[in-house]
Amino acid sequence: MLTLKTPAALAALLMAGAAGAATTPGFANGGFETVGADGFAQGWRVAPTGNPALLSSDAHTGSHSILLTVPNGFGASTLFQDSFGHGGLPLLGAANVGDTPVLSFWAKGDVSTTGNVLFSLAYMSETGQRLFESGNRFFQSDITPGGWTQISFQGAAIPAGTASLFLEINTAVGPLLDGRVNAVYIDDVQFALTTAPVPEPESYALLAAGLAVVGMAARRRRA
């Protein structure tokens, strides 16, 4: 049987009953299901490389994925999002500091014998300063054309001053050999941010009542 001997112990138990931590998406439209007026996935951008990322119906889940492809032999195809500037998500704040979320997405495809595919993740300040950068993370050896593979990456703890997240996924090749096409599909991008729980008014009332009971019991023991 659990015995509460101190006000602090009671407080811990009561606060444990408060509302649990909530999670919010780190990137908008991670499944690429919402299509903008331009026919591309809303919230995402492509680099002007001559090999634009394309909306595809070959999806891991839902109706859409993104195809990164360099069919002509040389160049790159790039998909990216700033969670606030492009995705329209709220700015990050103090509630996110110290969180260590995991980035994950699903991928399949082939980069050919002379290609590669990589992602990079950054935490950005409001002035555009990169407070953390993962560097290039290559995953061409983890994917195959025949089936989807989940790619995961443990992000660093979010530092104070972080306002948004920046994700880039890029495939490049040159030249194509052996008749193999450079084509990689990306779907279901997830990066769940945890917001610290905020006790409801009822929790504060319960805590105050419990501490009062403990205080009365302590006074009786001293008497």
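Just the heavy atoms: all of them, side chains too, but no hydrogens, waters or symmetry mates, feed the values below.
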Problem set entry | Stepwise side-chain hydrogen bond (donor to acceptor under 3.5 Å, both in side chains) test for Thr149 and Asp142 | CA-CA 7 Å; Thr149 299; Asp142 298 320; over 6 Å; no

For this session: Would you indicate whether the side-chain heavy atoms of Phe27 and Leu167 approach each other to under 4.5 Å?
Result: yes

For this session: Using modelled atom types only, decide if a donor and an acceptor are shared between the side chain of Asp99 and the backbone of Asn96 within a distance under 3.5 Å.
Result: no

Problem set entry | Atom CZ of Phe84: over 12 foreign heavy atoms under 6.0 Å | no

For this session: Identify, with sequence neighbours excluded, every residue that meets side chain to side chain donor-acceptor pair (under 3.5 Å) alongside Gln129.
Result: none

Exercise. Where do Leu165 and Met124 land on the side-chain contact (heavy atoms from CB on, under 4.5 Å) test, with the steps shown first?
Worked result: CA-CA 6 Å; Leu165 308 168; Met124 311 292 291; over 6 Å; no

For this session: Determine whether Ser83 and Phe166 make a side-chain contact, defined as any pair of heavy atoms from C-beta on separated by less than 4.5 Å.
Result: no

Exercise. Is there side-chain contact between Ser152 and Gln154, with heavy atoms separated by less than 4.5 Å?
Worked result: no

Exercise. Is the backbone of Ser63 close enough, under 3.5 Å, to the side chain of Glu33 for a donor and an acceptor to pair up by distance?
Worked result: yes

Exercise. Would Phe32 and Trp44 satisfy ring pair (Phe, Tyr, Trp, His ring centres under 6.0 Å), going step by step from the backbone distance to the final call?
Worked result: CA-CA 9 Å; Phe32 312 111; Trp44 294 90; 5.3 Å; yes

Problem set entry | Validation row: Ile158, Pro101 side chains within 4.5 angstrom (heavy atoms) | yes

For this session: Apply the test side-chain contact (heavy atoms from CB on, under 4.5 Å) to residues Leu89 and Thr24: give CA-CA distance (whole Å), side-chain angles for both, the deciding distance (0.1 Å), then the verdict.
Result: CA-CA 10 Å; Leu89 295 179; Thr24 57; over 6 Å; no

For this session: Run the salt-bridge test on Lys108 and Asp58 with the 4.0 Å N-O cut-off and return the result as yes or no.
Result: yes

Exercise. Got a donor-acceptor contact below 3.5 angstrom from the Gln190 side chain to the Ser104 backbone?
Worked result: no

Exercise. So do Thr69 and Asn51 actually touch side chain to side chain, heavy atoms under 4.5 Å?
Worked result: no

Exercise. Does the side chain of Ile143 come within less than 4.5 Å of Val184's, by heavy atoms?
Worked result: yes

For this session: Look up atom CZ in Phe74 and atom CG in Leu176, then write down how far apart they are to the nearest 0.5 Å.
Result: 8.5 Å

Problem set entry | Leu121 side chain near Phe153 side chain, heavy-atom distance below 4.5 Å | yes

For this session: Report the C-alpha distance between Asn116 and Gln140 in whole Å, list the side-chain angles of each, state the deciding distance to 0.1 Å, and finish with yes or no for side-chain contact (heavy atoms from CB on, under 4.5 Å).
Result: CA-CA 6 Å; Asn116 57 48; Gln140 60 265 17; 3.6 Å; yes

Problem set entry | Geometric class of the His60/Trp106 ring pair [parallel <30°, tilted 30-60°, perpendicular >60°] | parallel

For this session: Fit a plane to each ring of Tyr123 and Phe132, take the angle between them on a 0 to 90° scale, and name the class: parallel (under 30°), tilted (30 to 60°) or perpendicular (over 60°).
Result: tilted

Problem set entry | Reported CG-to-NE2 distance for the pair Asn29 and His64, which is rounded to 0.5 angstrom | 10.0 Å

Problem set entry | side-chain hydrogen bond (donor to acceptor under 3.5 Å, both in side chains) partners of residues 160-171, not counting sequence neighbours, each pair once | Thr78-Asn170, Asp82-Ser164, Thr171-Asn182

Problem set entry | Validation row: Leu54, Val46 side chains within 4.5 angstrom (heavy atoms) | no

For this session: Verify, without hydrogens or angle tests, whether Ser120 (side chain) and Gly135 (backbone) share a donor-acceptor contact under 3.5 angstrom.
Result: no

Problem set entry | CD (Glu133) with more than 12 external heavy atoms under 6.0 Å | yes

For this session: For a ring-ring contact (aromatic ring centres under 6.0 Å, His included) with Phe105, tell me which candidate from Phe191, Tyr185, Phe139 qualifies.
Result: Phe139

Exercise. How long is the span from the CG atom in Leu67 to the OG atom in Ser77, to the nearest 0.5 Å?
Worked result: 7.0 Å

